[in-house]
Peer 1: 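Provided herewith is a single structure, encoded as structure tokens, for subsequent inquiry.
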Amino acid sequence: MLITSLTQQKKNPERLNLYLDGEFYCGLNAETAAVYRLKEGLEIDKNLLEELTARDRYDSAMSAALMYAARTGGKSRFDFEQKLLEYDEATQRAVLARMEELGYINDAGLAKETVSRALAKGEGRYMIKQRLLSKHLDEETVRDALEEISPEEETAAAVLALKAASARCTDTEPKKRRAKIYAALVRKGFPYDIVSAVTEQDHED
């Protein structure tokens with residue numbers, strides 16, 4: 001097969017139109033064309049054509065993944081998989097592996113960061129679990145992240161939630177006030193034993 005034309009695309013200057021034997025064959029990244037030193041009049045065989053189109057798919061997918069990473073933070077492997085659905089499985093696997101190497105995909109790190117931020121906002125493990133699941137993290141990653149939460153950390157988060165709930169509660173009757181605060185902490189995702197402990201301590205204080 002003979003390259004009869006290699007022209008720059010009007011809408012995307014970084015891509016070229018490749019013509020073989022006088023007919024349009026496909027679009028290519030300019031970088032891919034440069035790597036393979038493509039030019040008009042060059043003879044290419046089927047194997048080389050398959051290689052350069054595979055390289056082009058990879059470059060295109062990597063570009064999409066990197067732009068996605070730069071535009072939005074806190075994304076899981078699942079999110080990147082969804083972003084790359086238009087590409088074939090081999091290209092997806094290669095790009096996802098590279099994104100992991102570069103540190104853009106790190107589900108364990110994302111889970112740890114999510115837990116840390118949630119605790120700092122006064123949220124309990126049940127609410128944190130829902131946050132982790134909403135990021136499409138796998139069950140093992142979620143379980144490991146939750147197991148890292150110490151009783152002391154969760155109690156401290158519950159105290160934060162209690163203070164916030166107390167500040168919002170306008171009820172002056174002690175039993176009603178305590179019941180409302182108790183319910184607020186339960187809604188924040190804290191286990192009943194921790195809710196009971198911090199509300200009891202607050203009542204004593």
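Model, not experiment: these values are computed from the prediction.
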Peer 1: To the nearest 0.5 Å, tell me how far D56 CG sits from C26 SG.
Peer 2: 6.5 Å

Peer 1: Evaluate the side chain to side chain contact (heavy atoms under 4.5 Å, CB included) criterion for residues L49 and L20: first the C-alpha distance (whole Å), next the side-chain angles of each, then the deciding distance (0.1 Å), finally the verdict.
Peer 2: CA-CA 10 Å; L49 189 59; L20 299 178; 3.9 Å; yes

Peer 1: For E152, does its backbone N or O pair with a side-chain atom of T155 as donor and acceptor, under 3.5 Å?
Peer 2: no

Peer 1: Would the distance check show the side chain of Q9 and the main-chain N or O of K11 forming a donor-acceptor pair, the cut-off being under 3.5 Å?
Peer 2: no

Peer 1: When you check the gap from the basic side-chain N to the acidic O, do R93 and E89 get nearer than 4.0 Å?
Peer 2: yes

Peer 1: Distance only, no hydrogens: is a donor on one side chain within 3.5 Å (strictly under) of an acceptor on the other, for D88 and T91?
Peer 2: yes

Peer 1: Does a sphere of radius 6.0 Å around CE in M1 hold more than 12 heavy atoms from other residues, nucleotides or ligands, not counting ones at 6.0 Å or beyond?
Peer 2: yes

Peer 1: Under the side chain to side chain contact (heavy atoms under 4.5 Å, CB included) rule, what do K129 and L146 come out as? Steps first, then yes or no, please.
Peer 2: CA-CA 7 Å; K129 181 178 181 179; L146 293 175; 3.9 Å; yes

Peer 1: Could you tell me the separation between the CD atom of E153 and the OG atom of S116, rounded to the nearest 0.5 Å?
Peer 2: 8.0 Å

Peer 1: Establish whether L18 and F24 are linked, either directly or via other cluster members, by ILVMFWY side-chain heavy-atom contacts under 4.5 Å.
Peer 2: no

Peer 1: Report the C-alpha distance between T114 and K135 in whole Å, list the side-chain angles of each, state the deciding distance to 0.1 Å, and finish with yes or no for side chain to side chain contact (heavy atoms under 4.5 Å, CB included).
Peer 2: CA-CA 10 Å; T114 300; K135 294 181 179 295; 3.3 Å; yes

Peer 1: Examine distances only and state if a side-chain atom of R177 and a backbone atom of S166 form a donor-acceptor pair shorter than 3.5 Å.
Peer 2: yes

Peer 1: Find out if a path of hydrophobic residues (ILVMFWY) with successive side-chain heavy-atom gaps under 4.5 Å connects M127 to L185.
Peer 2: no

Peer 1: If you count heavy atoms of other groups shown closer than 6.0 angstrom to CD of E23, is the number above 12?
Peer 2: no

Peer 1: Hey, could you give me the OH/OG1 distance between Y19 and T7, rounded to the nearest 0.5 Å?
Peer 2: 5.0 Å

Peer 1: Are there more than 12 heavy atoms of other residues, nucleotides or ligands under 6.0 Å from atom CZ of R71?
Peer 2: yes

Peer 1: Give the cluster check for V95 versus L85: same hydrophobic cluster or not, with ILVMFWY residues linked at side-chain heavy-atom distances below 4.5 Å.
Peer 2: no

Peer 1: Give a yes or no on whether the backbone of R15 and the side-chain of Q8 come within a donor-acceptor separation of less than 3.5 Å.
Peer 2: no

Peer 1: Please examine the side chains of Y126 and F190, heavy atoms only from C-beta on, and report whether any two atoms are closer than 4.5 Å.
Peer 2: no

Peer 1: Taking only Lys NZ, Arg NE, NH1 and NH2, and the carboxylate oxygens of Asp or Glu, determine whether R125 and E154 approach each other closer than 4.0 Å.
Peer 2: yes

Peer 1: Does some side-chain heavy atom of L38 sit less than 4.5 Å from a side-chain heavy atom of T32?
Peer 2: no

Peer 1: With rounding to the nearest 0.5 angstrom, report the OG to CD distance, S60 to E31.
Peer 2: 11.5 Å

Peer 1: Could you walk me through whether L6 and N17 satisfy the side chain to side chain contact (heavy atoms under 4.5 Å, CB included) test, starting with their C-alpha distance in whole Å, then the side-chain angles of each, then the deciding distance to 0.1 Å, before giving a yes or no?
Peer 2: CA-CA 6 Å; L6 195 61; N17 290 323; over 6 Å; no

Peer 1: Looking only at heavy atoms, which two atoms of A65 and F80 are closest? And how far apart?
Peer 2: O-CE2, 3.6 Å

Peer 1: Above 12 or not: heavy atoms from other molecules or residues under 6.0 Å from OH of Y104?
Peer 2: no

Peer 1: Mind checking whether I105 and F78 sit in one hydrophobic cluster, side chains of I, L, V, M, F, W, Y counted as touching below 4.5 Å?
Peer 2: no

Peer 1: Using a strict cut-off of less than 4.0 Å between a Lys/Arg side-chain nitrogen and an Asp/Glu carboxylate oxygen, indicate whether E81 and R77 qualify as a salt bridge.
Peer 2: yes

Peer 1: Would you call R178 and E173 a salt bridge, taking side-chain N to carboxylate O under 4.0 Å as the test?
Peer 2: no

Peer 1: Return the minimal non-hydrogen interatomic distance between L160 and G122, and the atom names on each side.
Peer 2: CB-CA, 4.2 Å

Peer 1: Taking atom types as modelled, find out whether S196 and Y182 have a side-chain donor-acceptor pair closer than 3.5 angstrom.
Peer 2: yes

Peer 1: Is a salt bridge present between R55 and D59, judged by a nitrogen-to-oxygen distance below 4.0 Å?
Peer 2: yes

Peer 1: Is it the case that more than 12 heavy atoms not belonging to E148 sit under 6.0 Å from its CD atom?
Peer 2: no

Peer 1: Taking only Lys NZ, Arg NE, NH1 and NH2, and the carboxylate oxygens of Asp or Glu, determine whether R117 and E113 approach each other closer than 4.0 Å.
Peer 2: yes

Peer 1: Is it the case that atom CD in E14 sees more than 12 heavy atoms from other parts of the structure closer than 6.0 Å?
Peer 2: no

Peer 1: Do we see a donor-acceptor contact under 3.5 Å between the side chains of T141 and D138?
Peer 2: yes

Peer 1: To the nearest 0.5 angstrom, please state how far the CG atom of L42 sits from the OH atom of Y36.
Peer 2: 13.0 Å

Peer 1: Give a yes or no on whether V186 and I128 share a hydrophobic cluster (residues Ile, Leu, Val, Met, Phe, Trp, Tyr; joining criterion: side-chain heavy atoms under 4.5 Å apart).
Peer 2: no

Peer 1: Evaluate the side-chain proximity of L132 to V115: yes if any heavy-atom separation is below 4.5 Å, no if none is.
Peer 2: yes

Peer 1: State, to 0.1 Å, how close A33 and L16 come at their nearest heavy-atom pair, and which atoms those are.
Peer 2: CB-CD1, 3.7 Å

Peer 1: Say you draw a straight line from CG of N29 to CE of M62; how long is it, rounded to the nearest 0.5 Å?
Peer 2: 12.0 Å

Peer 1: Is a side-chain donor or acceptor of D107 paired with a backbone partner of S76 at a separation under 3.5 angstrom?
Peer 2: no

